[in-house]
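Just follow the structure's listing: the first ligand is 1, and inside any ligand the first atom is 1. Numbers here simply count residues along the sequence, with the first being 1. Computation of the quantities below employed the complete heavy-atom set of this structure, encompassing side-chain atoms and omitting hydrogens, waters and symmetry-equivalent molecules.
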Amino acid sequence: MTANTAALGSTDANAEMSRREFLNYAWLATLGILTIEMSAVTLMFAMPRLGPGEFGGPVPIGSVDGLTMDTKASPTAFNRSKFWWVNTDAGALAIYKVCTHLGCIYDWKPAENKYICPCHGSQFERDGKFIQGPAPRDLDRFVIRALDSAGNEVARTNEAGEPLQIPAGSTIVVETGLRIHGQPKA
Ligand code: FES
């Protein structure tokens, strides 16, 4: 082998090495971009963007003075936020509008003073307690928060979802992302 042939062989090897390095870098860059894109998509699904007052997040419903607090009145429907506002002798409730059987939207029947699900006939009392039907438990409730004029929390639904006594003049927020399952039927 002459010196020229050896030099040419070395140049080819260098060129092949550079090509291989370039391909390796390109492949790594593509992999990196794909990983970043997949992570971004996963994050977008994991962290839904909720507008103010949308179902799934805090829903401000104004001052308690503007809400129906009559303990015998029909529940007030907040259809977009999927709950009923109900006041009872024990305090206020925000009851999820979805049946605990198979997820139908049930109705309030004022003449019968109870909720009745049109799908399979489950019935519930005004405060969401199970009466009869295939539903396995009471209706679910959302956490209610009462805020003073400075925005400080002055009352909040407890972990058991018991009715909340609301201080006069409070502003009410219903946390539709915080759902408390109803008690299983006896
Ligand atoms: S979904 Fe309501 S009773 Fe079946």
Atom 4 (Fe) of ligand 1 - closest N/O/S atom in His120:
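The His120 atom nearest to atom 4 (Fe) of ligand 1, restricting to N, O or S, is ND1.
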Of Asp127, Thr76, Ile95, the residue whose pairing with Val86 passes side-chain contact (heavy atoms from CB on, under 4.5 Å):
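Running side-chain contact (heavy atoms from CB on, under 4.5 Å) over Asp127, Thr76, Ile95 with Val86 returns exactly one hit, Ile95.
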Specify whether Phe142 and Phe55 have parallel, tilted or perpendicular ring planes, treating 30° as the upper limit for parallel and 60° as the lower limit for perpendicular.
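Geometry flag for Phe55 against Phe142: perpendicular rings.
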Give the minimum heavy-atom separation between Arg126 and Thr71, together with the two atoms involved.
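Reported closest heavy-atom pair: NH1-O, 3.0 Å.
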Thr100 side chain near Asp140 side chain, heavy-atom distance below 4.5 Å
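With C-beta onward as the side chain, the pair touches.
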Contact atoms of ligand 1, heavy-atom distance to Cys104 under 4.0 Å
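Answer for ligand 1: 1 (S).
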Residue part near ligand 1, for Cys99, under 4.0 Å between non-hydrogen atoms:
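Looking at Cys99 and ligand 1, just side chain atoms fall under 4.0 Å.
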What protein heavy atom is closest to atom 1 (S) of ligand 1, reported as residue, atom name and distance in Å?
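Result: Leu102 N, 3.2 Å.
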Shortest protein contact, atom 3 (S) of ligand 1 (heavy atom only):
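The answer is Ser122 OG, 3.2 Å.
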May I ask you to check if any N/O/S atom from His101 comes under 2.8 Å of atom 4 (Fe) of ligand 1?
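Checking His101: at least one N, O or S atom is under 2.8 Å.
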Counting heavy atoms not belonging to Glu159, are there more than 12 under 6.0 Å from its CD?
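At most 12 heavy atoms, drawn from other residues, nucleotides or ligands, come within 6.0 Å of this atom.
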Do any of the N/O/S atoms of Cys117, backbone or side chain, fall under 2.8 Å from atom 2 (Fe) of ligand 1?
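Checking atom 2 (Fe) of ligand 1 against Cys117, an N, O or S atom does fall under 2.8 Å.
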Do any N or O atoms from the side chain of Lys97 and from the backbone of Ala77 form a donor-acceptor pair under 3.5 angstrom?
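The answer is no, because no donor-acceptor pair under 3.5 Å joins these two groups.
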